[in-house]
**Student:** 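Dropping a structure here in structure tokens format, bear with me for questions.
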Protein chains: 2
Amino acid sequence: MPRQSIDKDSEIPLDKTRQASGFTLIDVAKVAGVSPITVSRALNRPELVSDQTLEKVRRAVALVGYIPNMLAGGLASKQSKLVAVFVPTIAHSIFSDMVQALMDQLGEAGYQSILGVTGYSLEKEESLLGAILGRRPDGIVLMGTEHSALTRQRLVSSGIPVVEAWDFCEDPIDILIGFSHEAVGKAVADHLHAKGYRRFSVVSAGDPRGIKRCKALVNELRELGIMDVPQVIFPPPATLKEGREGLSQLLSEGAKPEIVVCSSDTVAQGVLAEAASRGLRVPEDIAVMGFGDLGSAAQVYPALSSVRLDGARVGGLIASVLLERFRNQGAHQAQVRIDTGFTLIDRVSA
Amino acid sequence: MPRQSIDKDSEIPLDKTRQASGFTLIDVAKVAGVSPITVSRALNRPELVSDQTLEKVRRAVALVGYIPNMLAGGLASKQSKLVAVFVPTIAHSIFSDMVQALMDQLGEAGYQSILGVTGYSLEKEESLLGAILGRRPDGIVLMGTEHSALTRQRLVSSGIPVVEAWDFCEDPIDILIGFSHEAVGKAVADHLHAKGYRRFSVVSAGDPRGIKRCKALVNELRELGIMDVPQVIFPPPATLKEGREGLSQLLSEGAKPEIVVCSSDTVAQGVLAEAASRGLRVPEDIAVMGFGDLGSAAQVYPALSSVRLDGARVGGLIASVLLERFRNQGAHQAQVRIDTGFTLIDRVSA
DNA sequence: CATACATATGATTGCGCAATCATTATTTGC
DNA sequence: GCAAATAATGATTGCGCAATCATATGTATG
């Protein structure tokens with residue numbers, strides 16, 4: 001049995017008891033005196049609508065305070081305008097610049113980001129992915145190239161554009177935008193060796209990428225004839241505390257490093273703090289090398305030598321590539337692998 | 001009973017060419033040999049379904065790799081399971097602990113968060129809100145109590161539960177969970193005065209809450225007979241650089257502070273760095289007071305005195321209150337205003 | 001043993017929008 | 001001046017799911 005026609009009452013109740021979510025395309029259409037689909041077009045593809053109609057619709061939208069329901073729109077169009085971004089952590093993070101730039105650029109194009117914090121755990125990443133796939137994101141951005149088998153399988157079979165960022169490898173799932181951590185380790189070893197350092201130590205987080213850099217550093221030093229490199233590896237996340245304790249542990253174990261290479265600027269700042277507390281001069285008594293070139297690296301005392309990664313640029317690249325994909329949906333998709341590189345930054349600390 | 005139904009219906013192509021998003025409730029229902037609505041119930045309200053049926057459905061879901069479409073579910077149920085969270089910044093942020101805890105707890109309850117970064121701009125907040133309201137979030141969390149007129153109006157008329165966090169005021173939009181920045185300013189003044197400090201200076205970000213604390217501090221000092229408090233106020237966001245430059249500026253303008261009160265631990269660390277670079281001893285030559293008690297405060301050298309806010313607790317509270325609201329949708333909603341307080345932390349620097 | 005009552009499942013409908021195709025004005029070409 | 005092309009708008013349908021109501025079993029109660 002058909003219900004009483006709502007349309008009979010062609011008056012749209014414009015009272016304030018109606019909530020923002022209460023108005024639909026149909027309400028706007030009635031106010032504007034056009035069909036619902038014309039309103040839809042006026043909002044989504046204005047170039048197909050005459051200026052006159054556009055103006056009528058605009059006024060009606062403003063009048064009722066219409067806010068399109070993206071759940072309905074997404075269901076109908078199969079485009080959620082949502083990008084899922086997974087990061088290991090958001091606190092004091094080397095990723096913040098990248099995420100910021102990524103979100104900004106996606107936002108300008110009408111896409112919103114949904115953030116998943118994995119805590120450096122592949123299991124967490126997997127469960128977050130399960131939860132987020134239900135939103136049918138148009139794109140997915142992950143940090144690193146290590147994922148659980150199920151994560152990889154789901155990502156591949158989802159058919160959604162996937163970006164693996166902040167690392168480099170030979171068999172990416174889809175799009176790859178990052179840099180080689182092995183190359184960083186090697187370059188740091190060569191650079192510091194060339195500056196004359198011979199007694200190295202390492203304080204590093206035990207995340208996959210930190211370990212890659214550490215191993216590459218140690219390997220390269222071995223090539224250069226340096227066999228003994230004391231290391232402190234701790235479970236992520238990295239904070240100042242790990243840096244302080246790392247240096248303490250190194251010294252208490254009898255290491256006499258000329259230089260401590262750290263897995264991040266944050267760790268390096270901890271090492272600086274511990275050195276200061278022991279009255280050690282930097283770099284005279286002990287030199288320190290960071291990684292990431294956070295904004296703070298140049299501002300701490302003494303200024304921290306580091307490796308610059310330009311997260312903002314990487315984030316912008318990711319956004320560009322994704323948006324490009326979204327634009328040419330059906331078209332043949334070229335393989336994208338971008339090495340974003342890195343730059344050694346010489347300051348005072350090493 | 002044998003599970004004949006799975007074999008008898010061969011209309012479902014179970015090949016791997018189907019994408020994860022390709023299967024629907026109906027497909028699962030056919031495989032399980034039940035009606036679609038029973039599958040829906042088995043997934044959303046399992047207590048209403050017999051164990052036997054539950055098992056059939058569970059197996060069918062696993063078999064086809066079904067992932068519910070939350071766009072469709074949200075449209076039908078008018079529940080997006082989405083919470084919008086607006087923060088001024090995500091970099092090196094005093095808010096990270098809170099956001100982390102908030103997202104974690106919401107996530108456990110099946111809610112996801114969509115993050116908006118406002119850059120301390122009310123206009124950005126307003127435009128982000130416009131974009132995000134289209135997703136029909138079930139809840140909205142904002143930092144602070146200052147918003148544009150349009151933002152307030154939209155929030156109120158949306159009928160969505162709104163949390164204003166990290167501040168306190170008399171006329172919140174809806175839920176209020178935070179602490180009084182005036183009280184912090186006053187408490188810091190009293191505390192440091194009691195410790196014997198008399199020549200104060202301030203280095204503060206010019207965000208609304210920083211200014212509140214600064215004004216309250218200066219007012220209280222005046223009560224205590226201290227009339228001259230040199231201040232450096234800079235536009236947010238705060239980084240180490242602002243701290244270093246702040247101290248430089250103070251000193252170059254002829255201020256001779258015994259103590260520098262900072263609007264955040266980050267600023268304070270900048271002041272510490274600048275002091276170190278000038279050979280000033282802390283706290284003997286100059287004392288430093290932070291705010292926020294970031295994890296790093298206790299780890300820098302010298303250890304930083306600060307004001308602890310327990311962001312993780314605040315985030316957890318926000319999540320609890322929101323989830324409670326979501327549970328009793330229709331019911332009468334009591335007014336919620338929680339003062340989360342703060343704790344002065346005495347360390348070495350002041 | 002009949003009434004009430006709980007438990008388990010199903011049929012129908014509509015959420016708000018965009019895709020698709022159809023239709024009507026308006027212009028262009030020669 | 002008339003067919004063909006273009007521009008502008010509309011009608012219908014279905015996206016995938018949950019709310020609502022209806023129905024079919026069983027189980028207690030006096």
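Predicted model only: the values in this text are computed from it and were never measured. Letters A, B, ... mirror the listed sequences (proteins, then strands); counts begin at 1.
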**Student:** Once you round it to whole Å, what is the distance between P of D:dG16 and CZ of A:Arg135?
**Tutor:** 17 Å
**Student:** Specify the separation, in whole Å, of atom CG of B:Leu71 and atom P of C:dA18.
**Tutor:** 13 Å
**Student:** Given side chain to side chain contact (heavy atoms under 4.5 Å, CB included), test A:His147 with A:Ile173 step by step and report yes or no.
**Tutor:** CA-CA 10 Å; A:His147 317 288; A:Ile173 297 173; 4.0 Å; yes
**Student:** Take B:Leu43 and B:Arg45, measure what side chain to side chain contact (heavy atoms under 4.5 Å, CB included) needs, and give me the verdict at the end.
**Tutor:** CA-CA 6 Å; B:Leu43 295 173; B:Arg45 312 193 49 191; over 6 Å; no
**Student:** Given atom CZ of B:Arg41 and atom C1' of D:dC17, what is their separation to the nearest angstrom?
**Tutor:** 13 Å
**Student:** Side chain of A:Ser77, heavy atoms from C-beta onward: which of D:dG10, D:dA18, C:dA18 has the nearest atom to it?
**Tutor:** C:dA18
**Student:** Got a second to check how far A:Ile318's CD1 is from A:Leu323's CG, nearest 0.5 Å?
**Tutor:** 11.5 Å
**Student:** How far apart are the C-alpha atoms of A:Glu55 and A:Gln52, what are their side-chain angles, what is the distance that settles it, and do they pass the side chain to side chain contact (heavy atoms under 4.5 Å, CB included) test?
**Tutor:** CA-CA 5 Å; A:Glu55 184 53 27; A:Gln52 193 188 359; 6.0 Å; no
**Student:** Taking OP1 and OP2 of C:dT9, is either one under 4.0 Å from a side-chain nitrogen or oxygen of B:Ser50?
**Tutor:** yes
**Student:** What nucleotide among D:dC15, D:dC17, C:dT9 has an atom nearest to a side-chain atom of A:Lys78?
**Tutor:** D:dC15
**Student:** Using only atom types and a distance under 3.5 Å, with no angle test, would you say the side chain of A:Asp138 pairs donor to acceptor with the backbone of A:Lys81?
**Tutor:** yes
**Student:** When you get a sec, tell me which of C:dA19, D:dC15, D:dA18 is the closest nucleotide to the side chain of A:Leu75?
**Tutor:** D:dC15
**Student:** Tell me every residue that passes ring-ring contact (aromatic ring centres under 6.0 Å, His included) with B:Tyr120, counting only those two or more places apart in sequence or in another chain.
**Tutor:** none
**Student:** What is the distance, to the nearest angstrom, from the CD1 atom on A:Ile26 to the P atom on C:dA18?
**Tutor:** 12 Å
**Student:** Please report, rounded to the nearest Å, how far the C1' atom of D:dG16 is from the CG atom of A:Asn69.
**Tutor:** 14 Å
**Student:** Where along residues 32-40 of chain A does a heavy atom fall under 4.0 Å from DNA chain C?
**Tutor:** A:Ile37, A:Ser40
**Student:** Using the side-chain heavy atoms of B:Pro68, tell me which of these nucleotides is nearest: D:dC17, C:dA19, C:dG10.
**Tutor:** D:dC17
**Student:** For A:Asp51 and B:Ala76, find the nucleotide of DNA chain D closest to each by heavy atoms; which residue's nucleotide sits nearer the 5' end?
**Tutor:** A:Asp51
**Student:** In whole Å, what is the span from the CG atom of B:Leu48 to the C1' atom of D:dA18?
**Tutor:** 13 Å
**Student:** Quick one: is C:dA18 close enough that its OP1 or OP2 comes under 4.0 Å of any side-chain N or O from A:Asn44?
**Tutor:** yes
**Student:** If we ignore hydrogens and angles and just use 3.5 Å, is the side chain of B:Arg136 paired with the main-chain N or O of B:Leu133 as donor and acceptor?
**Tutor:** yes
**Student:** Reckon A:Thr24 has a side-chain N or O less than 4.0 Å from the OP1 or OP2 of C:dC15?
**Tutor:** no
**Student:** Ignoring hydrogens and angles, does a donor from either the side chain of A:Arg136 or the base of D:dG16 sit under 3.5 Å from an acceptor on the other?
**Tutor:** no
**Student:** Atom CG of B:Leu129 and atom CG of B:Leu150: how far apart are they, to the nearest 0.5 Å?
**Tutor:** 8.0 Å
**Student:** B:Arg45 CZ to D:dT20 P: how many Å, rounded?
**Tutor:** 10 Å
**Student:** If I take atom CD in residue A:Gln52 and atom P in nucleotide C:dT26, what distance separates them, rounded to the nearest angstrom?
**Tutor:** 11 Å
**Student:** If you check the A:Leu25 side chain, which of D:dG16, D:dA8, C:dA18 turns out closest?
**Tutor:** C:dA18
